[in-house]
Number of protein chains: 2
Amino acid sequence: MKGRNDARLTGQAYSQLKAAIFEGRLPPGTPLSRRRLAEELGMSAVPVGDAILRLESEGLIESRPRAGTRVRIATPQEIHGNYVLREALETHSARLFAENADGRARERLLKAAERLDAANLALARGKCSQFRRARVERIHVAFHMLIAAASGVPALIDAIERSRVLLFNRLFTGSLAASHLPERWHRDLAECLVSASPEAAAEAMRTHVRYRQQEVIARFKELVEARSGPARMVRGPQRRTLEENGGAGALLD
Amino acid sequence: MKGRNDARLTGQAYSQLKAAIFEGRLPPGTPLSRRRLAEELGMSAVPVGDAILRLESEGLIESRPRAGTRVRIATPQEIHGNYVLREALETHSARLFAENADGRARERLLKAAERLDAANLALARGKCSQFRRARVERIHVAFHMLIAAASGVPALIDAIERSRVLLFNRLFTGSLAASHLPERWHRDLAECLVSASPEAAAEAMRTHVRYRQQEVIARFKELVEARSGPARMVRGPQRRTLEENGGAGALLD
DNA sequence: CCTTCATAACTGGTACATCAGTTTTTCCAG
DNA sequence: CTGGAAAAACTGATGTACCAGTTATGAAGG
C-alpha cells in the first residue's frame, strides 16, 4: 500500500495517522482537526487534508463538510458486509493458492500457520495487553497475505489488504481481536490449501471466514449492548478529545 | 460512488474529470496539469489537486511527484489482474443473488439480460460509434450491478463497481468494448442465476467472466502489437495534448 | 547530422490567508 | 432554573503565492 509519496509530507501524515488509528491511539469517534493535526505533525494543513482525503477513501475516517472529521465508527452491518467481501476475496485467493503456489510458498504457509496458532494459544492463556494483541494480529495478517501473494495479482492482493485494514481497525480498536480459536485452526486450513484441490481449498477458506464472521459479530453485538446503557456518544461536546487521548504524543511512533 | 462532496468544487472537478476519462475525451496517456485544468474548470488548483488525488487512488490516473500527472495506461497484466479480481467478486455476487434475491429482482434481471443481449446484437450489426458503445456499456454495467445489488452489502457493491470502473476505462478508451458475443450470452447466465443452485450460479458466472477475460486479453494484445510499429508513446514531447484533444471543450458535459 | 549540457518552462507540493458553514458557548428573557 | 436566540469559536473548503524538482528546449561543440 505504500507509495512513492511516503517521502512527502502528505505521505508522512498518512502513515502516522493510519498507524495511530490502528494502534488504538486514536479510537473510533475521535475528532480530527486539520489545524490541530498540522500543528502536532509540524506541517501545514494542506498535506494533512490530503492524507485525510486518502484515509477517508479507505473508509477509516469520515468527514462532514465544514463540520468536522472523525475516526469512523463501525456498525454491525458494516462488519457483516466486510466479512462478505472477505469471503469473496479470500475464497478466490485460496483457490488460486492451491492452483498456483510453488513449493516454497506452500512450506512458508505451513510454518506461518504453526506460528499463528501458537501465538493465538499464548494470547488466550496470557493476558491480552494491547501490545500483544497487535503483535498477534500482525502475524494473522501476514498469514492471509501470504496466501494472497501467491496469486501474483496486485489488484487482488490490494483488495484483500484493504478489506483487512478496515476490519482490523474496527475490531482491534473495539478490543474484539482476542478470541479463542480452535487450537489447530489455521494449521488445518493451511494443510488443506497446500494439499487439497482448488475447490476444496476454497471451501475450507469459506468455512474459516464464516466461522470468524459469526463469532466476531456475536461479540460485537454484545459489546455494543454492554456499552449502550447511558446511550453514550450520541451527544455532548466532542472537541478536544485528541488531547484527552494523549495529546501530541498520540501521533508519535 | 457519489458523495456529499459533489456539491463542492472538488466534487465537480472529480465528476467532470471522471466523465471525460470514461467518455474518451481524455484518452489514456493524456497529460493533466493542475493549473491548466483549474483554469478550464474555472476554479483554483487546490480542488483540482484533491480530485486528482481521489482519481489516483481509484487507479484512473497516475502521478509522479513534480513531474506530471496523466491518464493511466493499462498493461495486459493489469487487465488480467482486473479480471481475476472480478472473478472473485462477481462469482460471490452471483452466489448471493441465487441465495437471496427476491422475485422482483429475479424478474428484473431476466429483462435486463434480454435488453443487453439485444443491444449487443444491434451493436455487432450496426456501426460502432463511440456513443453507441458507451450506451451498451452502460446497460452492461447496470446488468452486473443489478446482481451485485441483491446482496445488499455496500462493501461488495462498491468493490464490484470499482473493479468495473477500472476495466471500463481501459477497455472503452482502448476501443475494445465492441466484441461479438454469443447471442443469448447474458440471457443464459441470468436464467441460471434465477433458477439454479447458488453453486451452479457461481460457476456460471465464473465461466462468463473467464470467457470475456480470454477474449479481451487476446484483443488487447493484438491491439498493442498493431500500434507498436514505430514504438510510439515512448518519447517525444507529450505536453499540450489536452488542447489537441479538444481543448477546453473536452471537459464540458 | 548527432550528442551534451545549460537554461527556461512547467509540474506537483506546501504554506498561509481567508471564506463560508457548523457547532458550541454565552447570555438574557421567561 | 429553563429555553432559546445571538455570538463566538471552530471546521473544512478554497484561493493565491511560492518552492523545489523534472522535463523540454535549444545553443554549442563534436
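Note on naming: letters A, B, ... go to the chains in the order of the sequence lines (proteins, then strands), and numbering restarts at 1 for each one.
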Verify the contact: side-chain N or O of B/Ser33 to OP1 or OP2 of C/dT11, cut-off strictly under 4.0 Å; return yes or no.
yes

Distance below 4.0 Å between A/Ser63 side-chain N/O and D/dG12 OP1 or OP2:
no

Are any of A/Arg64's side-chain N or O atoms less than 4.0 Å away from OP1 or OP2 of C/dT23?
yes

With rounding to the nearest 0.5 Å, note down the distance linking CD1 in A/Ile52 to OG1 in A/Thr69.
5.0 Å

With the side chain defined as heavy atoms from C-beta on, B/Arg66 is closest, among C/dA15, C/dG13, D/dT14, to C/dG13

Does OP1 or OP2 of C/dA15 have a side-chain N or O of A/Ser44 closer than 4.0 Å?
yes

Please determine whether a side-chain nitrogen of the Lys or Arg among B/Glu90 and B/Arg164 lies less than 4.0 Å from a carboxylate oxygen of the Asp or Glu.
yes

Hey, is the side chain of B/Arg34 poking within less than 4.0 Å of OP1 or OP2 on C/dG13, counting only N and O atoms?
yes

Which is more 5' along DNA chain C, the nucleotide nearest A/Asp50 or the one nearest B/Gly68? Just name the residue.
B/Gly68

Side chain of B/Arg35 only, heavy atoms from C-beta on: which candidate in D/dT11, D/dC19, C/dT14 is closest?
D/dC19

DNA chain C: A/Thr10 or B/Arg8, which has the more 5' nearest nucleotide?
A/Thr10

Does A/Arg36 make a side-chain N or O approach to OP1 or OP2 of D/dT11 shorter than 4.0 Å?
yes

